[in-house]
Each structure stands twice: as structure tokens, then as C-alpha cells.
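One-based numbering along the sequence shown. Atoms within each ligand, like the ligands themselves, are counted from 1 in listed order. Computed over heavy atoms, backbone and side chain alike; hydrogens, waters and symmetry mates excluded.
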Amino acid sequence: MKTEVYTIENPEGPLSERDLAMIARCGDIIKKGGLVAFPTETVYGLGGDALNPASAEKIYAAKGRPSDNPLIVHICEIQAIEKIAQDIPEEARILAERFWPGPLTMILRARDIVPRKTTGGLDTVAVRMPSDVTAREFIKASGGYIAAPSANISGKPSPTTAGYVLEDMDGRIDAVIDGGAGAIGLESTIVDLAGDRIQVLRPGYITDHMLSEALGINVGTDPALLDPNCKERPKAPGMRYRHYAPKGEVIPVRGSADRVFTYITEGLAKAKLEGRKTGVFCSADNADRYDADVVRSAGALDDAEAAAHVFYTTLRDMDDEDVDIIYVENFTDLGFGEALWNRLLKSAGSKWEEA
Ligand code: AMP
Ligand code: MG
């Protein structure tokens, strides 16, 4: 299969006539049961018709994803939830009004119209309305319901550009809409509104604190996410799998900034002696201080947004450069930093080192 690339002239909007025509063509591909990768404000999604079980099957096959790991249904207007979800609690309506369009996915009780292939066999459905202009136009052109996981081969870092989508998906899908780099860089927050209590199943840009404030209750996070040794399994099936992993070994280092710097410097020297190709992901201040083969940096240690924005790109770059060992400085794990730490820990196989 040849994968067409459609490059959007004006991804931030207003979309040009030419952009709209390309998006309409991609909508037709979806309606005929094909797959199209598309930009969102988080990462690139691998889209298929959410109401067509054959499309869901194709998505799992293209990604090499286990079919018990459900897909997120993307919509382009709030009312669309009525068709795919039932028993929608008042809290879901409040969160939709407050955070949609945006990087928040809600788990709701599914209606029968949603194929169980899309929900990974569950009777709940994950729903999100992205803020990205191109994404919303594409969803509209496709009939309004796009099932889309991240557009990477299962287990690899999520793609933040069309180039990275092609690295994994060229020849496996019908088309990619190239809308530049997503603003956020990490996947959406997932919040469960179908269970006994409202809780975050995957941290993201919309923090548990922001959700608590909007609802006037204390919204916690699935305990299995906070403690890698927790006996309970994560409630979002996707959080149980190894994820976001580059080929090289990822080593997050925790501790005070000084100690972390010394620890990583010594680690790099040792790795070099062993003949390993070395990499570091660090704050901008320290970029010139490390002696590594590949150094990538972002903002300050307390700037989760800057680090998250380039995190997956950095991991993919390290792979392109065949780096064997990747040290990562102690970026904040507060606020949006909780999502960054969650993805970093997964990419490292749930381990870190203390400086
Ligand atoms: P991705 O789009 O690649 O980030 O994958 C979608 C994520 O949403 C995975 O972690 C899924 O396990 C999660 N997810 C989708 N549907 C549900 C659901 N009904 N209940 C819990 N988690 C879900
Ligand atoms: Mg994913």
C-alpha cells in the first residue's frame, strides 16, 4: 500500500480551500474503511471509523497492538457523546464544557452502536474532542467518530510529527495528514467517569488538580500509576503494557540538581569506557556541561511543558543516532510534570536511579 502524505498549508487555521479539499479526501478514505494518521494537539493519531469494527481491526494490525487495548473515539462536537455513550453523569458534562475541545479523554458507559472491537471488549468507551483545528475538520469530514490510538508501532514512543508517523507506518496506512508538530507532545489525560469513583487513569496536560477544581471534589489518580511496585493492575489497559521505549536504555536520575549532574557525568564516563554510545536529556542550563555523544535539552528543570513538548522527539532522535544509553535529568514531577514522569518511567521499564 502506498501511503499518501497530505501537507496542510495552514494547520493553525483558518484552513485554506486546498487544505479543506485534502481533508475531505481523507474523510472519504475513512468512510470507505481506510486508515489516516492525523495531527492533534497531543500526538499524532492513527484514525479509522470508530463505528466500523473492520476499521478497528485494521488499526490494531497496523500498530501491532494487542486487541484488548481499547481505542479513543475522537469527536468534533460535544453533543456527539449522546450517540456513543449512555448514563452520562453530570460531572462529564461539566468537564466537557470546561476542557473540550482539549487534551482530556473521558471514560463513559458505551452504547451498543460502538463496536466492541473499538472498546477492546469493554462496555465503556473513551471519548475525546481535540482542540486541533485540522483534527476537528478531519473528524467532521469522516462522519464524526474517529477511533484513534497514537500513530506509532505498539511499544515505541508516540509520534509528534508526520515524519515520525511515516517512520512507523509508511506502507501500512492509506494516508498521513501533515499538520506540523503538536503543541503538547504527550497523550491526553484519561479520566474515568464510568467507575465507582472519578479518577485519573493516565496523567496528562489536564491535571488531577484542574479536574478537582472544576468538579469541586477531590479527583485522585489510579494508585497503580503512582507506585510501580503496586500490586493492583492499572485500570487503563494501555498503562499495563511496556510503552514509549526507544532502543537505547533509558535511565532517569532523581535527586538534587548538583548530585544528579555529578551522577550522570560519572555514568557517561563509565559508559564511554565500555564503548557504548551515550545520550543525555537535560535542562538547557546544563546542555554544554555534559560530555555525551548526543545531548538534547529543554527549558528549566521545573518547566514540564518545555520538556514534555520534546520528550518523544528526543527519544526518537536518540534511536536515529543509535544511542545505547540515555540519561535523563530530574525534571519536575509536579502538575503536568506527573505525566512526564509517568511516560519517562514507562520508557525506562519502570526503574530509575537515585543520585
Ligand atoms: P493511545 O491513544 O495510544 O494513547 O491509547 C488509548 C489509551 O486509552 C490506552 O491507554 C487505553 O488503554 C485507554 N483506554 C481506551 N478506552 C478505554 C476504556 N474504555 N477504559 C479504560 N481505558 C481506556
Ligand atoms: Mg499510544
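- I107 CD1, 3.6 Å is the protein heavy atom nearest to atom 20 (N) of ligand 1.
- Of all the atoms in ligand 1, the ones that sit under 4.0 Å from a non-hydrogen atom of A236 are 12 (O), 21 (C), 22 (N).
- For atom 4 (O) of ligand 1, the closest non-hydrogen atom of the protein is R202 NH1, 2.5 Å.
- A salt bridge does not link E353 to R254: none of the charged side-chain nitrogens sits closer than 4.0 Å to a carboxylate oxygen.
- Distance check: L268 CG to L273 CG gives 11.5 Å after rounding to the nearest 0.5 Å.
- No donor-acceptor contact under 3.5 angstrom links the side chains of E338 and T207, judged on distance only.
- In this structure, T119 does not count as a contact residue of ligand 1, since none of its heavy atoms falls inside 4.0 Å of the ligand.
- The Mg ion (ligand 2) has an N, O or S atom of S150 under 2.8 Å away, backbone or side chain.
- The proximity of T105 to ligand 1, defined as any non-hydrogen pair under 4.0 Å, does not occur for either the backbone or the side chain.
- At the shortest separation from atom 2 (O) of ligand 1 among protein heavy atoms lies P149 CA, 3.0 Å.
- Among protein heavy atoms, the minimum distance from atom 11 (C) of ligand 1 is reached at N69 OD1, 3.2 Å.
- Residue contact check: L122 has heavy atoms under 4.0 Å from atoms 18 (C), 19 (N), 20 (N) of ligand 1.
- Other residues, nucleotides and ligands place no more than 12 heavy atoms under 6.0 Å from the CZ atom of R233.
- Counting heavy-atom neighbours within 6.0 Å of K117 NZ, excluding the residue itself, gives a total of 12 or less.
- Heavy atoms of A148 found under 4.0 angstrom from ligand 1 belong exclusively to the backbone.
- Nearest to atom 12 (O) of ligand 1 among the protein's heavy atoms is G238 N, 2.6 Å.
- Among all non-hydrogen protein atoms, the one lying nearest atom 14 (N) of ligand 1 is P70 CG, 3.7 Å.
- Distance from atom 8 (O) of ligand 1 to its nearest protein heavy atom, with residue and atom name: I190 CD1, 3.2 Å.
- Sorted by first and then second residue, the salt bridge (charged side-chain N to carboxylate O under 4.0 Å, His left out) pairs involving residues 121-144 (not counting sequence neighbours) are E41-R128.
- The side chain to side chain donor-acceptor pair (under 3.5 Å) analysis of residues 75-84, with sequence neighbours excluded, yields the pairs E82-R93.
- The number of heavy-atom neighbours closer than 6.0 Å to CD of E354, taken from other residues, nucleotides and ligands shown, is above 12.
- Summary of contacts: the protein heavy atom closest to atom 5 (O) of ligand 1 is R65 NH2, 3.0 Å.
- With a 4.0 Å heavy-atom cut-off, ligand 1 is reached by the backbone of T124 and by its side chain too.
- Side chain of S142 to main chain of G144: no donor-acceptor pair is present (N/O by atom type, distance under 3.5 Å, no hydrogens or angles).
- Among P237, A126, A194, the residue whose heavy atom lies nearest to atom 22 (N) of ligand 1 is P237.
- Annotation for E9: atom CD counts as buried by contact number, over 12 foreign heavy atoms lying within 6.0 Å.
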